2 protein chains.
Amino acid sequence: MALEHAILVSLLEQPGSGYELARRFDRSIGRFWTATHQQIYRVLRRMEADGWVAAEEVAQDGRPDKKVYSAAGAGRAALAGWLREPVEPESVRHELAVKIRAAAFDDPAALVSEVERHRESHAALLARYLHGEQRDFPDPTALDARQALQHVVLRGGIEYERMTLAWLDDVLATLHRLSTPSTPGSP
Amino acid sequence: MALEHAILVSLLEQPGSGYELARRFDRSIGRFWTATHQQIYRVLRRMEADGWVAAEEVAQDGRPDKKVYSAAGAGRAALAGWLREPVEPESVRHELAVKIRAAAFDDPAALVSEVERHRESHAALLARYLHGEQRDFPDPTALDARQALQHVVLRGGIEYERMTLAWLDDVLATLHRLSTPSTPGSP
DNA sequence: TCCTCCTATGCAACGAATTGCATAGGCAAT
DNA sequence: ATTGCCTATGCAATTCGTTGCATAGGAGGA
């Protein structure tokens with residue numbers, strides 16, 4: 001379980017309330033680690049009890065009070081320890097791959113629109129990544145450590161989306177070939 | 001939840017016991033859908049109760065009896081319905097990305113061996129994929145629907161591993177640059 | 001004015017996933 | 001002989017994740 005660690009990283013980059021964290025997880029962080037607000041509140045309470053984070057009540061006018069969390073010393077130490085631990089192999093859930101193999105026992109053409117939907121959303125995400133890269137890393141030669149590491153993670157996202165787009169085109173071509181079997185060799 | 005559907009696909013491709021399914025999930029299928037034997041046994045019982053699969057007790061000598069499952073009509077129908085449903089967006093858990101961003105608040109060099117371990121395991125997996133491709137799809141022009149779809153999923157795995165290897169090299173170069181800051185322009 | 005949305009946090013209940021353990025016979029090696 | 005591994009299934013406990021609901025004040029539009 002690494003939700004604690006993802007929260008710690010986020011709080012080190014910028015302190016914030018549970019609600020703010022939940023919104024960050026909906027946006028940038030959610031691309032490589034998803035969490036609902038319920039999970040976040042629950043884990044934050046546990047982390048506060050363990051001394052990993054410190055909380056400060058902040059009164060606001062016009063809206064409810066909030067508890068702003070920031071990473072504490074014990075949290076940093078836990079993160080450093082975790083960094084040195086070996087990996088647990090990631091558990092993969094690639095639903096589309098299951099569907100593609102399932103299509104062999106049904107009508108492959110029924111998958112086309114689904115794959116096209118995926119293709120569109122991956123294209124949109126790639127565009128957002130590229131836009132964010134231009135905005136946040138205009139000069140890749142002048143970055144501090146934090147920015148350099150954020151950038152290399154973003155590059156990973158970009159390459160993943162590019163690869164996925166090319167593969168989805170391959171999938172669409174394959175589905176199309178199965179629906180309209182050609183008459184090879186015909187002039 | 002699509003574990004049911006992954007199991008159905010596997011049983012349609014080849015009937016088998018819970019134990020055999022668990023081993024398939026450890027091997028090929030596990031690359032895009034992981035499951036433990038506990039999950040599989042639990043879901044199989046539910047699927048049998050729902051009439052999605054049929055079970056047959058098979059006595060063996062020299063080892064315990066087993067229950068061989070195969071997909072039933074209701075299972076095929078459920079699979080066809082699921083194929084036509086729109087996607088739920090996949091929930092991502094990319095632990096290494098969290099670690100890389102965490103390294104900004106610790107020693108980036110401490111991540112090198114971890115990333116190298118990843119790199120090795122991805123290289124090994126790519127080699128296995130390529131070997132499997134040569135073995136199972138020697139002539140990609142002469143494939144039936146099932147094989148064509150299995151092949152396009154495998155190609156996705158291959159491209160994913162290639163992309164990941166390139167990215168991990170990028171990560172290693174970035175980590176190295178942070179540990180040994182160069183003196184640019186020095187002759 | 002009423003409706004709805006946004007910020008901000010949380011309880012309660014359920015379902016899913018993980019982990020540890022148990023059984024039970026056969027096989028192979030030490 | 002004993003140890004350990006493989007097939008084959010399952011119980012029990014715990015943790016994790018999801019969903020629905022609740023509160024509560026303020027903003028903005030119909």
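This is a predicted model, so every value here is computed, not measured.
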Undergrad: Looking at A/Arg101 and B/Glu13, is there a salt bridge between them, counting it only when a charged N and a carboxylate O are closer than 4.0 Å?
TA: yes
Undergrad: I want to verify a distance call: between C/dT19, C/dG10, D/dT18, whose nearest atom is closest to the A/His37 side chain?
TA: C/dG10
Undergrad: Would you tell me if any nitrogen or oxygen in the side chain of B/Tyr41 comes within less than 4.0 Å of OP1 or OP2 on D/dT9?
TA: yes
Undergrad: Just how far is it from atom OH of A/Tyr129 to atom CG of A/Leu125, taken to the nearest 0.5 Å?
TA: 4.0 Å
Undergrad: How many Å lie between NZ on B/Lys66 and P on D/dC6, as a whole number?
TA: 18 Å
Undergrad: Please check the phosphate of D/dT9 (OP1 and OP2 only) for any side-chain N or O of B/Tyr19 closer than 4.0 Å.
TA: no
Undergrad: Checking B/Arg93 against A/Trp33: charged group under 6.0 Å from the ring centre and within 45 degrees of the axis?
TA: yes
Undergrad: How many Å lie between CD on A/Glu56 and P on C/dA8, as a whole number?
TA: 15 Å
Undergrad: When the distance from CD1 of B/Ile7 to P of C/dA16 is rounded to whole Å, what number comes out?
TA: 13 Å
Undergrad: Please report the distance, rounded to the nearest Å, between CD in A/Glu48 and C1' in C/dG10.
TA: 14 Å
Undergrad: Among C/dA17, D/dA8, C/dT19, which nucleotide has an atom closest to any side-chain atom of B/Arg42?
TA: C/dA17
Undergrad: In this structure, how many angstroms lie between the C1' atom of D/dC16 and the CD1 atom of A/Ile40, rounded?
TA: 14 Å
Undergrad: Hey, is CD on A/Glu90 packed in by over 12 heavy atoms from elsewhere, all under 6.0 Å?
TA: yes
Undergrad: Between B/Arg45 and D/dC11, is there a contact of a side-chain N or O with OP1 or OP2 at under 4.0 Å?
TA: yes
Undergrad: Give the rounded distance in Å between these two atoms: CG of A/Asp65 and P of D/dG26.
TA: 12 Å
Undergrad: For C/dT18 and B/Gln39 - does any side-chain N or O of the residue sit under 4.0 Å from the phosphate oxygens OP1/OP2?
TA: yes
Undergrad: Find which nucleotide of DNA chain D each of A/Thr34 and B/Val68 is nearest to by heavy atoms, and output the residue with the more 5' nucleotide.
TA: B/Val68
Undergrad: Below the 4.0 Å mark, does D/dG17 have OP1 or OP2 next to a side-chain nitrogen or oxygen of B/Arg93?
TA: yes
Undergrad: Distance only, no hydrogens: is a donor on one side chain within 3.5 Å (strictly under) of an acceptor on the other, for B/Glu133 and B/His151?
TA: yes
Undergrad: Separation of B/Phe25 atom CZ from C/dT18 atom C1', in whole Å?
TA: 16 Å
Undergrad: On the side chain of B/Gln38, is there an atom forming a donor-acceptor pair with the base of D/dC11 - under 3.5 Å, no angle test?
TA: yes
Undergrad: Distance check: side-chain N/O of B/Arg23 vs OP1/OP2 of D/dT7, anything under 4.0 Å?
TA: yes
Undergrad: With respect to the phosphate group of C/dT9, does any side-chain polar atom (N or O) of A/Ser17 fall under 4.0 Å of OP1 or OP2?
TA: yes
Undergrad: Less than 4.0 angstrom between a side-chain N/O of B/Arg46 and OP1 or OP2 of C/dA16, yes or no?
TA: yes
Undergrad: Can you tell me if the side-chain N/O atoms of A/Gln60 get under 4.0 Å from OP1 or OP2 in C/dA8?
TA: yes
